[in-house]
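Report on one structure; see the data block that follows.
Sequence positions, counted from 1, serve as the residue numbers for this chain. Please read all numbers here as calculations on a predicted model, not as lab measurements.
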Amino acid sequence: MTDHDVAQDPDERRLSTREAADRLGVKPETVYAYVSRGQLTSRRESGGRGSTFDAREVDALARRGGRREPSGAGSELAVRTGITLIDRDHCYFRGVDTSELAAHHSYEEVAEWLWTGEMRRGIRFTAPHDALTAARRAVDALPAHTGPMDRLQVAVIAAAAADPLRFDLSERAVLDTARTLIPTLVAALPRRAAGRPPARAGAGEAGAGEAGAGDAGAGQGSAGHAGPGEAAAELGAGGQGAAELGAAEKPAPELGAEDGPLAPRLWSRLTSEPADPPSLRVLDAALVLLIDHDLAASTLAVRVAASARAHPYAIVSAGFGALDGALHGAASGLAHRMLLEVLDRGSAAAVVADHLRAGRRVPGLGHPLYPGEDPRARALFALLEDVPRARPALQAARDVITTTARHKEWHANVDLALAVLTVATGMPAEAGETIFAVARTAGWIAHALEEYDEPPLRMRPSGQYSGPRPPQPLP
């Protein structure tokens, strides 16, 4: 909402800054701090009256416990959003259950619907030639040991440099960027090398080939990318990054075809094992379920960047930076390694005991936003039942849950379900984070679109100075 004059409903009660402060029991300057945090909206009235506030909104904030200084201990930043609602053991995108969305729609379809409100069946996202060329060259120049998150961060910066119109923040331009950036990120990752040992089928094989799983393709440069013919297909007709419709009129793409759905394209960057429809279904559902999850740390970083009117590539870079933290995107890798250890040792009890003895939380269990099982995990576990090669890893995950339940009331979260997928299909430990990063890019774009419609620079909290009181002597 801007400070421009707005026609006022005669029944609407407006409060002055002083009146709002009195109702909240705070100082007048604190009222404006609430505005900067998105907890209140202000309106500039004509005639020099200053800012006014909706009485109902002020009263609602007071009922939520707003009668405290937002810069004080225990304060919480609240941002209005119409994207995600988490309600007990359910997660909703724009009021629709995410598990239902994942069961009936592809990642591209849900992303497009989340951005525009329109469900476009069969939509495909393709990468533009200039952005893809720049991203691949930059990624190929990285050291051989570079991990996928570093590659993604470099790819988004290179794609931005190739787009001179990236500062256009109109909705149409941002959507065009979103539709091309996501496939560019996927296509910039090297393909996994063929010939690595097959996925472990049981506890006795759990350790075999693990080094290969983590190293295969890690050092690939241009050799790991598509050849000229495949690259042309990947760029789409004319090499343009437009969203392609009319999939029903075309033959169904082969698994992994670069002009097909995003999930098979990502699959070839995560594992050298052949794709099969049930496994691809799990990967596509995981992409849908991970699109957004309210104001996680990375999403808050994105909103702050968008509040400063950073362009879409920059806001995704901000998201990647926060996601790269050990307490955020990397969590699924810990669960992956734990499941491998359970399969190696043939006992979840011993592995869980080691974590508890070391004072560590058991990976893949518990979530502060859900009193019970993470609904994203529940949806993925159901789909993994139809993947025969996932049975050993799925049983290992169940053993972890059962063992831990004897002592702690912890439920599975999405990281454990992702770990079952990555272990079962020969993906490296960091594959879960890659899936997370690609999926969440669509959610970050949705949040950026929301934030671009808000007053600029509103995401500016006030610091609570705790240093020496001035004046101090010159050092």
Side-chain angles (χ1 to χ4, degrees), residues 74 76 84 86 88-91 147-149 203 206-207 210 214 286 289-290 292-301 319-381 384 390 392-424 427-437 439-440:
E76 182 177 323
T84 298
I86 296 172
R88 292 189 60 79
D89 292 335
H90 291 275
C91 181
M149 278 307 301
E210 175 53 15
L289 294 165
L290 290 170
D292 191 52
H293 205 234
D294 197 31
L295 287 181
S298 57
T299 304
L300 180 58
F320 282 160
L323 185 67
D324 206 20
L327 299 181
H328 196 2
S332 63
L334 300 176
H336 176 107
R337 294 182 179 93
M338 177 188 66
L339 289 186
L340 287 178
E341 190 177 358
V342 171
L343 291 170
D344 264 339
R345 298 173 66 175
S347 168
V351 176
V352 168
D354 284 347
H355 280 279
L356 296 177
R357 186 180 300 116
R360 299 189 302 264
R361 185 154 189 142
V362 180
L365 298 182
H367 197 290
L369 298 183
Y370 298 110
E373 187 178 36
D374 184 333
R376 302 168 299 173
R378 186 165 57 243
L380 291 179
F381 283 142
L384 284 162
L394 194 56
Q395 184 58 50
R398 286 176 175 148
D399 289 347
V400 169
I401 297 168
T402 302
T403 300
T404 310
R406 300 171 191 163
H407 310 282
K408 300 278 187 179
E409 193 175 352
W410 288 340
H411 300 273
N413 62 38
V414 72
D415 296 316
L416 188 61
L418 273 181
V420 172
L421 172 65
T422 56
V423 167
M427 297 178 186
E430 64 269 20
E433 186 175 14
T434 307
I435 296 167
F436 196 116
R440 190 57 57 91

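One distance of note links CG of Asp399 with CG of Leu343; it measures 9.5 Å at 0.5 Å rounding. Taking OG of Ser298 as the start and CZ of Arg440 as the end, the distance is 5.5 Å to the nearest 0.5 Å. A distance of 9.0 Å separates CZ of Arg360 from CG of Leu334, quoted to the nearest 0.5 Å. Taken from CZ in Arg361 to NE2 in His355, the straight-line distance is 12.5 Å, to the nearest 0.5 Å. With rounding to the nearest 0.5 angstrom, the CG atom of Leu421 is 11.0 Å from the CZ atom of Phe381. From Ser332, atom OG reaches atom CD1 of Ile435 across 7.5 Å, with rounding to the nearest 0.5 Å.
Within the 4.5 Å cutoff, the side chain of Leu416 has heavy atoms near those of the Met338 side chain. Inter-residue side-chain proximity for Asp354 and Arg345 is flagged as met; some heavy-atom pair is nearer than 4.5 Å. Within the 4.5 Å cutoff, side-chain heavy atoms of Leu289 are placed close to those of Leu380. Residues Leu365 and Ile401 have side chains in contact (heavy-atom distance under 4.5 Å, counting atoms from C-beta outward).
The existence of a salt bridge linking Glu341 and Arg337 is excluded, since no basic side-chain nitrogen approaches an acidic carboxylate oxygen closer than 4.0 Å.
With sequence neighbours excluded, no residue satisfies side-chain hydrogen bond (donor to acceptor under 3.5 Å, both in side chains) with Asp89. Under the side-chain hydrogen bond (donor to acceptor under 3.5 Å, both in side chains) criterion, His293 pairs with Tyr370, not counting sequence neighbours. For Arg376, the side-chain hydrogen bond (donor to acceptor under 3.5 Å, both in side chains) partners at least two apart in sequence or on another chain are Asp374.
With hydrogens and angles left out, the side-chain atoms of Thr84 and Asp292 include a donor and acceptor closer than 3.5 Å.
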